[in-house]
Amino acid sequence: MREILVAGNWKMNGSSSGSEELVDGIVAGVPAGNGFELLVCPPFPYLAAVAARLAGSGVKLGAQNVSEHDAGAYTGEVAPAMLKDVGCQYVIVGHSERRAMYDESSARVAAKFQSAQAAGLTPILCVGETLSERENGQTEAVVDEQLGAVVDAAGVAAFESAVIAYEPVWAIGTGMTATPEQAQDVHRHIREQLAMQDKVVADGVQILYGGSMKGDNAAGLLAMQDIDGGLIGGASLKAAVFLAIAAAAASN
Ligand code: 13P
């Protein structure tokens with residue numbers, strides 16, 4: 001039985017006081033229930049302060065990016081061990097904003113995935129197609145390439161301790177959510193791709209949906225068989241809105 005994971009990707013938003021207020025609001029309102037986990041991914045400078053406020057709450061901490069290198073002369077980069085050191089359990093790798101705006105190739109994303117795992121972090125591997133790729137019927141090919149690069153580099157067994165997030169680029173920050181059926185089709189495809197190599201791993205891996213997930217569409221998405229949670233951007237920036245999604249997960 002896969003737990004539902006509701007993850008907030010705060011992206012490059014907030015401030016020191018704002019992130020503390022947000023996390024305090026989330027911790028104060030965690031819904032009762034079993035079978036779901038909550039995770040917040042603040043910007044790097046706020047990780048340590050948020051970690052302190054999360055202590056004992058059960059809400060988990062992740063980062064939004066990580067270097068593929070362990071240490072050394074990489075100005076401006078953050079090593080996996082540093083994230084672990086400040087209390088992160090998860091890290092997002094291969095978000096479409098990084099692939100598109102910072103030229104992160106699938107090979108580099110695979111290297112980040114591996115170095116994160118080697119440091120004891122759980123990577124959240126983001127995959128997803130653009131609108132033109134969807135319209136050209138390339139959704140599965142795009143996702144297969146992004147997923148395949150990591151499977152080839154790390155092996156399918158690496159997904160025993162990893163999470164996948166399907167984030168159609170056209171749905172991110174646009175208010176255009178994939179329908180539960182559209183999302184389920186891709187989630188099922190991802191699971192089938194992994195199952196061709198290892199059915200047990202495929203059955204166990206959490207596959208999150210991301211792209212304009214909100215309180216009023218979360219229940220429909222989370223009800224789908226292969227959707228195991230959400231990676232939420234805009235709607236994770238207000239505690240009450242994020243908690244509404246958590247409540248949908250708690251009643252799932
Ligand atoms: P939005 O929820 O703002 O569409 O962002 C989704 C996302 O990119 C999460 O990583």
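The first residue of the sequence shown is numbered 1, and numbering continues consecutively from there. Just so you know, ligand 1 is whichever comes first in the structure, and atom 1 is the first atom listed for that ligand.
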Original post:
What atoms of ligand 1 come within less than 4.0 Å of a heavy atom belonging to S212?
Top reply: 1 (P), 2 (O), 4 (O)
**OP:** Please name the residue in the list E192, K199, Q193 that meets the side chain to side chain contact (heavy atoms under 4.5 Å, CB included) test with M196.
**Re:** Q193
Subject >> More than 12 heavy atoms of other groups within 6.0 Å of R108 CZ >> reply: no
Original post:
Which of the atoms of ligand 1 are close to G211, meaning less than 4.0 Å from one of its heavy atoms?
Top reply: 4 (O), 6 (C)
Subject >> Atom pair CD/CD of Q206 and E37 - distance to nearest 0.5 Å >> reply: 5.0 Å
Original post:
Backbone or side chain, does any N or O of G234 fall under 3.5 Å from an N or O of ligand 1?
Top reply: yes
Subject >> Enumerated ligand 1 atoms positioned under 4.0 Å from heavy atoms of N9 >> reply: 9 (C), 10 (O)
Subject >> Aromatic ring pairing F159/F113, orientation class (parallel under 30°, perpendicular over 60°, tilted between) >> reply: tilted
**OP:** May I ask you to check whether E167 and H95 show a side-chain donor-acceptor distance below 3.5 Å?
**Re:** yes
**OP:** Decide whether an N or O pair under 3.5 Å exists between E167 and ligand 1.
**Re:** yes
**OP:** Using distance alone, decide if ligand 1 has a nitrogen or oxygen within less than 3.5 Å of any nitrogen or oxygen in G233.
**Re:** yes
Original post:
Distance-only, no hydrogens or angles: does the T177 side chain make a donor-acceptor pair with backbone N or O of S212 under 3.5 Å?
Top reply: yes
**OP:** Please work out whether any backbone atom (N, CA, C, O) or any side-chain heavy atom from C-beta onward of I172 is under 4.0 Å from ligand 1, and answer side chain, backbone, both or neither.
**Re:** both
**OP:** Give the atoms of ligand 1, by number and element, whose distance to some non-hydrogen atom of G173 is under 4.0 Å.
**Re:** 1 (P), 3 (O), 4 (O)
Original post:
Is it true that A235 lies under 4.0 Å from ligand 1, counting heavy atoms only?
Top reply: no
Report all side-chain donor-acceptor pairs from residues 147-156 shorter than 3.5 Å, counting only partners two or more places apart or in another chain.
none

Subject >> Atoms of ligand 1, numbered as shown, that sit under 4.0 Å from any heavy atom of A171 >> reply: 4 (O)
Original post:
Looking only at distance, does I232 have an N or O less than 3.5 Å from an N or O of ligand 1?
Top reply: no
Subject >> S67: partners by side chain to side chain donor-acceptor pair (under 3.5 Å), with sequence neighbours left out >> reply: none
Subject >> Close approach, C126 and ligand 1, non-hydrogen under 4.0 angstrom >> reply: no
Subject >> Test of proximity, K11 against ligand 1: N or O pairs below 3.5 Å >> reply: yes
Original post:
Between the side chain of Y166 and the main-chain N/O of I190, is any donor-acceptor distance below 3.5 Å?
Top reply: no
